[in-house]
There are 2 protein chains.
Amino acid sequence: MQITSYTDYALRVLLYLAMTPNRQANITEISDFFNISRNHLVKIVHQLGSKGFVKTTRGKGGGLSLQRPPEMINIGELVRSMENHFNWVECFDPTQQNCRLLPACGLKQLLARAGDAYLQMLDAATLADVALGTTPVEVAQSEAPATAHSECNQNQSLTTETQENNL
Amino acid sequence: MQITSYTDYALRVLLYLAMTPNRQANITEISDFFNISRNHLVKIVHQLGSKGFVKTTRGKGGGLSLQRPPEMINIGELVRSMENHFNWVECFDPTQQNCRLLPACGLKQLLARAGDAYLQMLDAATLADVALGTTPVEVAQSEAPATAHSECNQNQSLTTETQENNL
DNA sequence: TTATAAGTTGTATTGTTAATATATCTTTAA
DNA sequence: TTAAAGATATATTAACAATACAACTTATAA
């Protein structure tokens with residue numbers, strides 16, 4: 001189970017822009033930074049623009065920047081905008097109602113509730129929260145195992161000179 | 001964003017078995033009922049057997065049945081067993097640590113928490129909760145659309161009996 | 001003891017769609 | 001008026017879920 005890289009990259013673009021607040025970034029620069037397809041990114045940026053997350057400026061000297069401050073960009077809103085469906089199982093799709101259990105099955109409601117729980121957790125965080133490396137645990141939920149999933153990513157010896165830290 | 005049909009079908013198999021508690025069902029019968037690939041179902045049933053959800057009996061007169069009563073089969077446990085990963089974004093995969101934001105990015109923790117919220121919701125339900133006690137025969141005969149499932153997951157209304165029965 | 005009905009296992013193929021690539025636009029500041 | 005930037009449309013590739021095929025093992029009824 002996963003989010004599409006489309007949404008993943010959209011998130012990265014916003015994070016990148018949040019780190020360069022005082023100038024226009026451009027697509028080539030961002031695709032180079034993340035080492036991902038520029039062509040793919042073009043579409044993502046376009047959608048980010050049409051959904052009101054970034055401001056794009058054509059022409060020489062143009063580029064892109066956040067359309068709102070990071071505190072006003074909600075992660076849940078972003079994910080809902082970029083993922084093109086949340087059909088957890090077949091019967092969520094109005095065009096695919098083939099399951100013979102349909103009328104009497106309680107599964108759909110359960111999965112819908114679970115999906116909502118997922119998105120509501122994302123609704124509790126803004127771009128500012130994730131860019132700073134802190135998530136609003138106190139807002140979202142207090143149980144917070146917090147870093148029970150730490151086994152894999154913590155290494156990663158940060159190439160240090162990485163990005164231009166919010167010059 | 002979706003669950004694989006592999007997991008979807010596993011759920012359906014368990015629901016079917018919950019509806020036929022007094023006899024051995026078999027794979028052909030189930031694949032016919034749902035009109036899905038028997039060969040695909042074979043693998044699913046095998047995994048359901050090896051994970052302890054169903055009891056399979058070879059040989060003439062054999063078949064499959066639930067290994068535990070429906071009240072003891074947890075939906076979250078099932079989904080965790082059948083989905084082969086929960087790598088919400090690239091950096092969850094230990095073999096794909098390519099994102100240059102990794103060390104300072106709070107996104108992973110947020111998504112992990114959201115994923116946990118999703119699964120915890122499923123952990124709160126058993127097979128008995130989602131199977132409404134209708135027999136496959138009755139379901140087959142009704143066949144009418146009449147689903148009353150509004151097509152999107154917005155409906156919610158959280159039937160309040162979210163029941164985390166025992167376990 | 002044998003024929004058959006069942007699940008088991010491994011591999012190959014297909015289909016879908018996300019991801020990527022190519023090409024040609026339009027816009028705009030210098 | 002040119003170069004740099006995003007916009008748009010279409011085509012191709014690649015990954016992988018889904019499906020199909022084939023041969024196996026096991027168990028039991030006759």
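Only heavy atoms go into these numbers, but all of them, side chains included; no hydrogens, no water, no symmetry mates.
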### Task
Starting at atom CD of A:Gln2, determine the distance to atom P of D:dA17, rounded to an integer number of angstrom.
8 Å

### Summary
Atom CD1 of B:Ile44 and atom P of C:dT9 are separated, to the nearest Å, by 16 Å

### Summary
Residue set satisfying side-chain contact (heavy atoms from CB on, under 4.5 Å) with A:Gln67, at least two apart, ordered chain then number -> A:Lys55

### Summary
Separation of C:dA19 atom C1' from B:Asn98 atom CG, nearest Å, is 15 Å

### Query
When you check the phosphate oxygens OP1 and OP2 of C:dA18, does a side-chain N or O of A:Ser5 lie under 4.0 Å from one of them?
no

### Task
Quick one: list whatever passes side chain to side chain donor-acceptor pair (under 3.5 Å) with B:Arg68, sequence neighbours left out.
B:Glu77

### Task
Answer yes or no: is there a side-chain heavy-atom contact under 4.5 Å between A:Phe86 and A:Phe92?
no

### Message
Rounded to whole Å, how long is the line connecting atom OH of B:Tyr6 with atom P of C:dT16?
### Response
21 Å

### Query
Is the phosphate of D:dG6, meaning OP1 or OP2, less than 4.0 Å from a side-chain N or O of A:Thr56?
no

### Task
Hey, could you give me each pair passing ring-ring contact (aromatic ring centres under 6.0 Å, His included) that has a residue in residues 41-78 of chain A? Not counting sequence neighbours.
none

### Query
Just how far, in rounded Å, is C1' of D:dA18 from CG of B:Leu41?
12 Å

Give every pair of a protein N or O atom and an N or O atom of nucleotides 27-30 of chain C that lie under 3.5 Å apart, one pair per line with the distance.
residue, atom, partner, partner atom, Å
C:dT27, O4', A:Arg58, NH1, 3.0
C:dT28, O2, A:Lys60, N, 3.4
C:dA29, O4', A:Lys60, O, 3.2

### Task
Would you list the pairs meeting ring-ring contact (aromatic ring centres under 6.0 Å, His included) in which at least one residue belongs to residues 93-118 of chain B, sequence neighbours left out?
A:Trp88-B:Tyr118

### Query
How close or far is atom C1' of D:dG6 from atom CD of A:Gln24, stated in whole angstroms?
11 Å

### Message
Rounding to an integer number of Å, can you tell me how far B:Asn26 CG sits from D:dT28 P?
### Response
16 Å

### Query
Base, sugar-phosphate, or nothing for B:His40, non-hydrogen atoms under 4.0 angstrom?
base

Any protein N or O atoms within reach of nucleotides 9-14 of chain D? Criterion: under 3.5 Å, listing atom names and distances.
residue, atom, partner, partner atom, Å
D:dT10, O4, A:Lys43, NZ, 3.2

### Query
For B:Ala18, what residues pass the side-chain contact (heavy atoms from CB on, under 4.5 Å) criterion, not counting sequence neighbours?
B:Leu66, B:Pro70, B:Leu127, B:Ala131

### Qualifying salt bridge (charged side-chain N to carboxylate O under 4.0 Å, His left out) pairs, either residue in residues 15-42 of chain B, two or more places apart
B:Arg23-B:Glu29

### Query
When all nucleic acid strands are considered with a 4.0 Å heavy-atom cut-off, which category describes A:Leu64: base, sugar-phosphate, or nothing?
sugar-phosphate

### Query
Between B:Gly63 and A:His85, who's closer to the 5' end of DNA chain C by nearest nucleotide?
B:Gly63

### Task
Check every strand shown and say whether B:Val45 touches a base, only sugar-phosphate, or nothing at a heavy-atom separation below 4.0 Å.
nothing

#### Entry: Contact check, side chains of A:Leu17 and A:Leu64, non-hydrogen atoms, under 4.5 Å
yes

### Query
What is the distance, rounded to the nearest whole Å, between atom CZ of A:Arg38 and atom P of C:dT24?
16 Å

Donor-acceptor pairs are to be reported for all side-chain atoms of residues 1-10 of chain B against protein atoms at under 3.5 Å, with residues two or more places apart or in another chain.
residue, atom, partner, partner atom, Å
B:Thr4, OG1, B:Thr7, N, 3.3
B:Thr4, OG1, B:Thr7, OG1, 3.3
B:Thr4, OG1, B:Glu83, OE2, 2.9
B:Tyr6, OH, B:Gln47, OE1, 2.5
B:Thr7, OG1, B:Glu83, OE2, 2.8
B:Asp8, OD1, B:Arg12, NE, 3.3
B:Asp8, OD2, B:Arg12, NH2, 3.2

